[in-house]
Undergrad: 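Structure provided below as structure tokens; questions to follow.
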Amino acid sequence: MYQIIDGKKISQEIKDELKLQVEQMKAEGVEKCLAVIQVGNDPASSVYVGNKKKACAYVGVKSLSYELPEDTTEEELLTLVMELNARADVDGILVQLPLPKHINEEKVLLAIDPNKDVDGFHPVSVGNLSIGRPGYVSCTPAGVIQLLKRSGIEIEGKECVVLGRSNIVGKPMSMLLLRENGTVTTCHSRTVNLREVTKRADILVVAIGKPKFLDESYVKEGAVVIDVGIHRDENNKLCGDVDFEKVAPHCSAITPVPGGVGPMTIAMLMNNCVNGVK
Ligand code: GUN
């Protein structure tokens with residue numbers, strides 16, 4: 001029988017711990033504040049941003065909301081980021097992605113003060129992670145580490161395979177597993193004999209953005225499988241990068257979609273807001 005890793009429950013635990021911590025901080029006169037910027041009204045982004053603000057309210061982090069029109073210029077956005085960088089009462093700045101096409105995303109992310117980069121997307125944050133210095137860590141991969149640790153799954157010495165090499169998930173995921181003393185292999189679209197590699201994995205993290213891509217032929221018996229994907233299948237039902245029905249019976253533990261990695265991202269964002277650079 002396999003263990004279902006309950007991301008909803010674990011993320012709730014983390015938010016409750018943070019809520020207590022925030023109450024203590026407030027008693028000592030410290031308040032944390034996150035500025036959330038959304039440009040345009042992409043429906044998915046609006047849902048994410050709404051959930052982030054809700055989580056702030058739950059944990060007790062103050063949130064400042066900037067909902068800017070679609071035709072906001074790059075210059076206007078950069079000016080706002082600079083203002084927020086300079087404000088002592090703002091601890092974190094989050095610019096929701098994607099940005100409209102006329103705005104250079106990289107330029108905007110680079111403008112965020114790395115000390116306020118709660119998303120962990122700034123090259124300074126990524127660099128700090130890669131050389132083991134304190135810095136903000138990208139929320140989704142940080143959430144995966146918490147899922148593993150809080151489910152009693154040891155990483156040290158294990159064969160860890162990450163499927164996907166995006167800047168937001170795959171690369172930081174590999175670096176975090178390495179920091180936890182895993183033996184890490186990163187696979188991607190050009191990997192030859194992919195199954196040979198993934199079948200070595202004790203811990204397999206799948207973040208390739210293809211619905212139900214992974215079936216049991218990629219998985220070693222008894223592996224832990226973490227599914228970072230989220231899609232709608234042909235019946236409009238949420239599904240991940242992993243074909244759960246086929247893969248789960250071969251695992252010792254697996255995350256479901258929804259209710260696995262998804263809820264962890266916001267919990268870790270709240271952790272970044274409350275605990276700062278670590
Ligand atoms: N768009 C989708 N996911 C994210 C995220 O984690 N952070 C930001 N800023 N934008 C996103």
Side-chain angles (χ1 to χ4, degrees), residues 7 11 14-15 33-56 59 61 63-68 70 72 74 77-78 80-81 84-85 90-101 103-126 129 135-147 164-173 175-176 205-209 226-232 238 240-241 255 257-258 260-274:
S11 67
I14 293 172
K15 284 188 285 184
C33 172
L34 171 67
V36 181
I37 305 172
Q38 183 182 354
V39 184
N41 38 27
D42 172 64
S45 289
S46 298
V47 172
Y48 288 135
V49 164
N51 287 340
K52 287 170 189 181
K53 288 190 238 169
K54 252 190 254 166
C56 281
V59 168
V61 169
S63 66
L64 301 177
S65 182
Y66 296 88
E67 284 158 26
L68 308 181
E70 180 82 21
T72 301
E74 185 177 289
L77 180 57
L78 288 170
L80 172 60
V81 169
L84 295 168
N85 281 344
V90 172
D91 302 286
I93 303 169
L94 185 148
V95 179
Q96 186 65 26
L97 304 178
L99 288 168
K101 289 200 171 37
I103 299 179
N104 182 334
E105 228 163 66
E106 194 183 0
K107 209 164 160 187
V108 174
L109 294 181
L110 266 171
I112 296 172
D113 179 345
N115 291 307
K116 300 189 178 188
D117 176 35
V118 285
D119 258 328
F121 294 167
H122 194 287
V124 167
S125 305
V126 178
L129 171 61
Y136 283 109
V137 176
S138 179
C139 303
T140 301
V144 170
I145 297 291
Q146 284 303 311
L147 281 180
R165 58 171 161 180
S166 71
N167 290 338
I168 292 178
V169 181
K171 281 181 201 153
M173 188 72 253
M175 287 194 283
L176 279 175
V205 181
V206 191
I208 58 168
I226 306 289
D227 187 352
V228 182
I230 183 142
H231 317 274
R232 294 234 170 233
L238 287 173
D241 289 351
T255 58
V257 176
V261 173
M264 295 300 291
T265 301
I266 289 185
M268 298 318 289
L269 173 68
M270 292 302 106
N271 179 61
N272 280 350
C273 292
V274 174

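First listed ligand is number 1; within each ligand, the first listed atom is number 1.
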Undergrad: Quick one: look up the protein heavy atom nearest atom 10 (N) of ligand 1 and list residue, atom name and how far away it is.
TA: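 For atom 10 (N) of ligand 1, the nearest protein heavy atom comes out as Leu97 N, 3.0 Å.
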Undergrad: Look at the side chain of Lys116 and the backbone N and O of Asn85, then say whether any donor-acceptor pair between them is shorter than 3.5 Å.
TA: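 A pair under 3.5 Å: yes.
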Undergrad: Please list, in number order, the atoms of ligand 1 under 4.0 Å from a heavy atom of Lys52.
TA: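 In order of number, 5 (C), 7 (N), 8 (C).
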Undergrad: Would you say Ile37 and Leu94 make side-chain contact, with heavy atoms under 4.5 Å?
TA: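 They are not in side-chain contact.
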Undergrad: Consider only side-chain N and O atoms of Asp241 and His231, and report whether a donor and an acceptor are under 3.5 Å apart.
TA: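 Judged by distance alone, the side chains do pair up.
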Undergrad: Asn41 and Ser46: side-chain donor and acceptor closer than 3.5 Å?
TA: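 No donor-acceptor contact under 3.5 Å links the two side chains.
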Undergrad: Side chain or backbone, does Gln96 bring an N or O within less than 3.5 Å of an N or O on ligand 1?
TA: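 Looking only at distances, the answer is yes, because the N/O contact criterion of under 3.5 Å is met.
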Undergrad: For ligand 1 and Pro98, I'd like to know whether there is a polar contact (N/O to N/O, distance under 3.5 Å).
TA: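 No; the residue has no nitrogen or oxygen that sits under 3.5 Å from a nitrogen or oxygen of the ligand.
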Undergrad: Can you find a side-chain donor-acceptor pair between Ser65 and Lys53 that sits under 3.5 Å?
TA: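 Note: Ser65 and Lys53 side chains meet the donor-acceptor criterion.
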Undergrad: Would you say ligand 1 has an N or O under 3.5 Å from any N or O of Asp119?
TA: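 Indeed, backbone or side chain, Asp119 has an N or O that close.
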Undergrad: At less than 4.0 angstrom from any non-hydrogen atom of Val95, what atoms of ligand 1 do you find?
TA: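 Counting atoms of ligand 1 from 1, those under 4.0 Å from Val95 are 8 (C), 9 (N).
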